[in-house]
Amino acid sequence: MTRICVAGGTGQVGREVVRQAVEGGHRVAVLSRRPPAPGEAGRDDGAEYFRGDVTTGEGLAAALAGADVVIDCLEGQSGRALKNFADGGARLLAAAQDAGVRKAVMLSIVNCDRSSFGYYKSKAAKEQVYERSGLETLVLRATQFHSLLAGVFAAGARIRLIPVVKGARFQPIAPAEVATELLESALEAPSGVQHRVRTVGGPEIVGMRELAHSWRQATGARGRVVELPLPGGMGKYLRAGLNLAPGERHGTQTFEGWLAMHADSL
């Protein structure tokens with residue numbers, strides 16, 4: 001039975017990694033800046049929770065004690081977390097090495113090293129930290145999540161305008177399927193390769209306009225689908241199709257299938 005430390009185990013993908021690992025009979029330690037209290041939503045009674053912060057190093061040793069592998073699902077989308085994202089990764093890996101952890105797996109974004117968008121650049125910088133680590137490391141790059149698109153559409157629908165980026169296509173994947181890939185990668189036998197990068201994508205590539213219409217039909221939301229240009233680094237990334245991985249269709253759940261499964265919470 002493997003002991004797994006899930007850093008960021010209270011986030012969208014991290015929670016799913018924790019759930020699947022516990023169901024698989026593994027011992028799970030969850031590292032979070034704000035771990036949920038017993039009985040609160042988002043807490044899995046089969047896991048241990050540790051308060052910690054990779055930006056300071058607080059709580060890392062306790063969470064990593066006895067772990068065989070660490071799965072890094074941490075996010076740093078704004079403020080101090082974004083600024084210190086790569087440094088936090090280095091701090092987590094150093095603590096893991098001190099604790100005798102044999103392997104670290106990191107969640108990242110497809111082609112983040114080819115984007116000038118700040119959040120994606122922080123992911124690419126953290127990937128480099130993993131590549132230089134003394135541990136065996138694996139970076140799992142995923143295409144965008146179904147939930148990201150649903151969130152964009154829902155935000156626009158509040159003002160009756162459902163935004164579509166002009167010319168954009170997506171290959172969205174279910175967070176639960178990414179969690180499965182992370183867990184399987186963590187549990188693999190030692191590869192003999194110090195650092196690897198793997199990419200996973202959703203089962204189909206679809207225009208954003210079509211995805212918006214699917215979302216509107218599934219939710220019954222009112223609003224007009226409006227095509228808009230997107231300037232800056234993210235716009236350039238999408239126009240170049242760098243968010244796609246046509247040769248890596250690992251997921252099986254389509255956007256419409258995901259919508260049907262989550263109909264009660266949309």
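A quick note: this is a predicted structure, and the numbers were derived from the prediction, not measured.
- Remark: the backbone N or O of V30 is not paired with any side-chain donor or acceptor of E48 at under 3.5 angstrom.
- For the residue pair D68 and M1, the shortest heavy atom distance occurs at OD2-O, 4.4 Å.
- Taking CG of L259 as the reference point, atom CD of Q253 lies at 9.0 Å (rounded to 0.5 Å).
- Distance check: W215 CH2 to W258 CH2 gives 10.5 Å after rounding to the nearest 0.5 Å.
- No donor-acceptor pair under 3.5 Å is formed between the side chain of H26 and the backbone N or O of V22.
- Checked by atom type and distance alone, the side chain of R216 pairs as donor or acceptor with a backbone atom of G223 at under 3.5 Å.
- Residues V225 and R209 form a side-chain contact, since some pair of their non-hydrogen atoms from C-beta on lies under 4.5 Å apart.
- Hydrophobic clustering (ILVMFWY, side-chain heavy atoms < 4.5 Å, transitive): L74 and V17 are in distinct clusters.
- Annotation: the span from T55 atom OG1 to D87 atom CG amounts to 10.0 Å, rounded to 0.5 Å.
- The existence of a salt bridge linking R19 and E16 is confirmed by a sub-4.0 Å separation between a basic side-chain nitrogen and an acidic carboxylate oxygen.
- Using a 30° and 60° split on the angle between ring planes, Y120 and F117 fall in the perpendicular class, above 60°.
- The hydrophobic cluster containing L31 does not contain V18, counting ILVMFWY residues as joined when their side-chain heavy atoms lie under 4.5 angstrom apart, directly or transitively.
- Annotation: E188, atom CD; neighbour count of heavy atoms from other residues, nucleotides and ligands within 6.0 Å is above 12.
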Using a 3.5 Å cut-off and no angle test, enumerate the donor-acceptor pairs between side-chain atoms of residues 149-173 and protein atoms at least two apart in sequence or in another chain.
from, atom 1, to, atom 2, distance (Å)
Q171, OE1, A245, N, 2.7
Q171, NE2, G202, O, 2.9
Q171, NE2, A245, O, 3.1

Let me have the donor-acceptor pairs involving side chains of residues 4-13, under 3.5 Å, with sequence neighbours excluded, atom names and distances please.
from, atom 1, to, atom 2, distance (Å)
T10, OG1, S32, OG, 3.2
Q12, OE1, S147, OG, 2.5
Q12, NE2, S147, OG, 3.4

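- The two atoms that bring R3 and A29 nearest to each other are NH2-CB, 3.5 Å, heavy atoms only.
- Hydrophobic clustering of Ile, Leu, Val, Met, Phe, Trp and Tyr side chains at less than 4.5 Å, counting indirect connections, keeps L64 apart from Y49.
- In the model, T252 has a side-chain atom that pairs as donor or acceptor with a side-chain atom of E177 under 3.5 Å.
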With a 3.5 Å cut-off and sequence neighbours excluded, list the donor-acceptor pairs that the side chains of residues 94-112 form with protein atoms.
from, atom 1, to, atom 2, distance (Å)
K103, NZ, S185, O, 2.5
S108, OG, E127, OE2, 2.6
N111, ND2, L242, O, 2.8

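- The pair E58-R91 fails the salt-bridge criterion, with no side-chain N (NZ, NE, NH1 or NH2) lying under 4.0 Å from an Asp/Glu carboxylate O.
- T180 places a side-chain N or O within 3.5 Å of a backbone atom of A176 that can act as its donor or acceptor partner.
- You'll find the side chain of R198 reaches within 4.5 Å of the side chain of L138, heavy atoms only.
- L244 places none of its side-chain heavy atoms less than 4.5 Å from the side chain of T143.
- R51 places a side-chain N or O within 3.5 Å of a backbone atom of R33 that can act as its donor or acceptor partner.
- Nearest heavy atom pair, residue S115 against residue G233, reads OG-O, 4.3 Å.
- Salt-bridge annotation for R196 and E136: present, with a side-chain N of the basic residue lying under 4.0 Å from a carboxylate O of the acidic one.
- A continuous path of ILVMFWY side-chain contacts below 4.5 Å connects F145 to I71, so both sit in one hydrophobic cluster.
- Screening residues 240-257 for salt bridge (Lys or Arg N to Asp or Glu O under 4.0 Å) gives no qualifying pairs among residues at least two apart or on separate chains.
- No single ILVMFWY cluster, assembled from side-chain heavy atoms under 4.5 Å apart, contains both L182 and V139.
- For the atom pair CZ of R43 and CZ of R15, the computed distance is 14.0 Å after rounding to the nearest 0.5 Å.
- No donor-acceptor distance shorter than 3.5 angstrom exists from the side chain of H195 to the backbone of Q128, with no hydrogens or angles considered.
- Contact check for Y130 versus D72: side-chain heavy atoms found under the 4.5 Å cut-off.
- Distance check, rounded to the nearest 0.5 Å: CG of D53 to CG of L92 gives 11.5 Å.
- Sorted by first and then second residue, the salt bridge (Lys or Arg N to Asp or Glu O under 4.0 Å) pairs involving residues 108-123 (not counting sequence neighbours) are E75-K123, D113-R141.
- Sorted by first then second residue, the side-chain hydrogen bond (donor to acceptor under 3.5 Å, both in side chains) pairs that include residues 229-242, not counting sequence neighbours, number zero.
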